[in-house]
Protein chains: 2
Amino acid sequence: MEKTIDKEKLPLCSGEYVLAVKDTMNVISGKWKLPIIGSLSYGVKRFKELEREIQKITPRMLSKELKELELNSIVKRTVHDTTPVTVEYELTPSGKKIKRVLDAMVAWGLEHRENVMG
Amino acid sequence: MEKTIDKEKLPLCSGEYVLAVKDTMNVISGKWKLPIIGSLSYGVKRFKELEREIQKITPRMLSKELKELELNSIVKRTVHDTTPVTVEYELTPSGKKIKRVLDAMVAWGLEHRENVMG
DNA sequence: CTGCATCCGAGGCGATACTG
DNA sequence: CAGTATCGCCTCGGATGCAG
């Protein structure tokens, strides 16, 4: 929690709310977080599967983003002691619930596009 | 609409939804968009008022962000022909409705924090 | 007051090659 | 398979100064 985003107060309302928004932004901002969450929303995936499904992502970025998502308790990583090792990634309960935020974003985005474009 | 965010497909679902999410992300991402929207959610404001209320923002960034928000039909800019000129900014109807997205973010953020911290 | 022009550093992200 | 290491670009955002 709290990484690049600073701690200045947004003049929105009470500090708790501002923190909550920042937490959420932290989880969904960046180029690859949402694609990864989206892919994992379909079920457990291995590293290579994610790399294949999320077009154009490099192992470096996939690794980095998964690590951050794990730190923030959005993704759970499981190592299976096979040969060679296999690693599975899945959304935590919290990770799954973020879909509600995405739904709100879709709803607003569609409505806004209609308002603007006519 | 559509600026720095590229047009790759997220493997979330249909293309419309993905576009809608990108539109929304475009409006709320960056360091100052949310603070500005938050401040304007309390009513019409002038440039200098915004600069005072949003701590640490520079005129350069305020100007830049307001311009983008205006381009995306989130903010309406009104010039009053006084001396010296005064300029007022306010949220468009669409801009006001984005509060629903923020609400979803607050709800998830609080719940997530509770889950994680215990 | 309301901005725009310029310069600059930090960090996000991509490309490529390599390891256990 | 599941990552790591290194390099380098490029955009975001801060600082400062100037203009209408």
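Both backbone and side-chain heavy atoms feed into the values below; hydrogens, waters and symmetry mates do not. The structure presented is a predicted model; accordingly, all values stated were derived computationally and were not measured. Below, chain A is the first sequence line, B the second, and so on; all start at residue 1.
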Query raised in the report: K64(A) side chain N/O closer than 4.0 Å to the phosphate oxygens (OP1, OP2) of dA5(D)?
Result: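 No, no such contact exists.
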
Problem - End-to-end axis angle, where each axis spans five pairs of the helix from dC1(C)-dG20(D) to dG20(C)-dC1(D), to 10° - result: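 About 40°, once rounded to a multiple of 10°.
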
Nearest whole Å is fine: how far is [N] [atom2] from [X] [atom1]?
X: K31(A); N: dG14(C); atom1: NZ; atom2: C1'; result: 8 Å
X: E70(B); N: dT2(C); atom1: CD; atom2: P; result: 15 Å
X: K45(B); N: dC1(C); atom1: NZ; atom2: P; result: 16 Å
X: I57(B); N: dG14(D); atom1: CD1; atom2: C1'; result: 11 Å
X: E51(A); N: dG3(D); atom1: CD; atom2: P; result: 11 Å
X: Y89(A); N: dC1(D); atom1: OH; atom2: P; result: 14 Å
X: K33(A); N: dC13(C); atom1: NZ; atom2: P; result: 7 Å
X: E68(A); N: dG12(C); atom1: CD; atom2: P; result: 8 Å

Exercise for review: Tell me, please, which residues at least two apart from A107(B) pass side-chain contact (heavy atoms from CB on, under 4.5 Å).
Suggested key: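 In terms of side-chain contact (heavy atoms from CB on, under 4.5 Å), with neighbours along the sequence ignored, A107(B) is linked to no residue.
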
Do any pairs count as a salt bridge (charged side-chain N to carboxylate O under 4.0 Å, His left out) and have a residue in [range], sequence neighbours left out, and if so which ones?
range: residues 91-110 of chain B; value: E111(A)-K97(B), E111(A)-R100(B), K99(B)-D103(B)
range: residues 40-49 of chain A; value: K45(A)-E53(A), K48(A)-E51(A)
range: residues 70-80 of chain B; value: K76(B)-E90(B)

Pairs under 3.5 angstrom only: tabulate donor-acceptor contacts from the side chains of residues 81-89 of chain B to other protein residues two or more places apart or in another chain.
unit_1: T82(B); atom_1: OG1; unit_2: P84(B); atom_2: O; d: 2.8
unit_1: T82(B); atom_1: OG1; unit_2: T86(B); atom_2: N; d: 3.4
unit_1: E88(B); atom_1: OE1; unit_2: H80(B); atom_2: NE2; d: 2.9

B/S/- along nucleotides 15-20 of chain C (protein heavy atoms under 4.0 Å) is B-----

Quiz prompt | Under 3.5 Å donor-acceptor, S29(B) side chain and M25(B) backbone | solution =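 Confirmed, S29(B) side chain pairs with M25(B) backbone.
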
